[in-house]
Amino acid sequence: SQKIEQNSEALNIQEGKTATLTCNYTNYSPAYLQWYRQDPGRGPVFLLLIRENEKEKRKERLKVTFDTTLKQSLFHITASQPADSATYLCALEDGANNLFFGTGTRLTVIP
Amino acid sequence: GAVVSQHPSWVICKSGTSVKIECRSLDFQATTMFWYRQFPKQSLMLMATSNEGSKATYEQGVEKDKFLINHASLTLSTLTVTSAHPEDSSFYICSAVDTGGVAGELFFGEGSRLTVL
């Protein structure tokens with residue numbers, strides 16, 4: 001069966017450190033992989049998109065890698081700040097704009 | 001970036017009544033919108049794909065007669081939960097594709113929290 005797993009339900013890190021979140025998938029062949037941020041009671045906000053033929057994408061303090069052999073994406077936030085505390089969702093896009101979401105990782109950055 | 005607006009942001013209704021949720025793309029046209037449902041501490045689950053001018057495509061297990069979707073214009077899709085029951089209480093979120101934007105990028109509304117008493 002198809003599955004999207006994010007490494008842990010919750011992750012706590014110290015301010016200034018790099019947060020690394022993992023997204024593993026099985027039985028998908030995504031055209032894109034996306035990462036979203038979701039704050040409590042709000043809709044997801046798009047952060048980064050990486051295509052299947054791209055290995056790495058960066059945007060300010062964010063970096064995403066995509067390994068289609070391992071079927072894994074890593075999402076890094078460098079120099080983390082308390083304002084980065086949120087739930088981060090990975091999502092796979094099947095080439096028809098259908099997105100399938102992982103369960104999310106709740107990140108808490110401790111001052 | 002593009003803005004998607006949902007209304008209402010929260011609604012409480014009695015069991016057996018119907019509730020309509022609107023999803024609007026404010027500054028772009030969206031031929032395709034998506035409706036998701038999210039239960040507490042769970043991820044978003046795609047319910048249906050709404051296509052302007054045609055019938056919605058429902059995911060397996062989603063009752064099309066219970067969750068009526070209408071996409072009558074390029075900027076508005078509506079989700080009507082008919083004869084709502086307490087188990088329909090959830091966070092409903094829509095998203096839209098900006099066909100003029102980056103391929104694959106979706107814009108989400110703020111969500112609508114439905115509580116059925």
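The analysis underlying the following values was restricted to heavy atoms, covering all of them including side chains, and did not include hydrogens, waters or symmetry mates. What you see is a predicted model, and the numbers here were worked out from it, not measured in a lab. In what follows, every chain begins at residue 1, and chains take the letters A, B, ... in the order their sequences are listed.
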A.B. asks: Please identify, among G43(A), A31(A), G102(A), the residue contributing the most non-hydrogen atom pairs under 4.5 Å to chain B.
C.D. replies: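 Result: the option with the highest number of such pairs is G43(A).
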A.B. asks: Side chains of Q34(A) and Y36(A): do they bring a donor and an acceptor to under 3.5 Å?
C.D. replies: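 Yes.
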A.B. asks: Quick one: what part of Q6(A) sits under 4.5 Å from any heavy atom of chain B, side chain, backbone, both or neither?
C.D. replies: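 It is neither, since no heavy atom gets under 4.5 Å.
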A.B. asks: Using the rule given for side-chain hydrogen bond (donor to acceptor under 3.5 Å, both in side chains), can you reason through Q29(B) versus E52(B), listing the C-alpha separation, both sets of side-chain angles and the distance that settles it, and then say yes or no?
C.D. replies: CA-CA 10 Å; Q29(B) 293 185 329; E52(B) 187 268 335; over 6 Å; no
A.B. asks: Under a 4.5 Å heavy-atom cut-off, does chain A meet the side chain of L44(B), its backbone, both or neither?
C.D. replies: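 Both backbone and side chain.
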A.B. asks: Need one label for Q6(B): side chain, backbone, both or neither, based on atoms under 4.5 Å from any heavy atom in chain A.
C.D. replies: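 For Q6(B), there is no contact with chain A at all, as no heavy atom is under 4.5 Å.
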A.B. asks: For this output row, return yes or no: ring centroids of Y36(B) and F101(A) closer than 6.0 angstrom.
C.D. replies: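 So the answer is yes for these two rings.
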A.B. asks: So, do T20(A) and T18(A) sit near enough that their side-chain heavy atoms are less than 4.5 Å apart?
C.D. replies: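 Result yes, sub-4.5 Å side-chain heavy-atom pair found.
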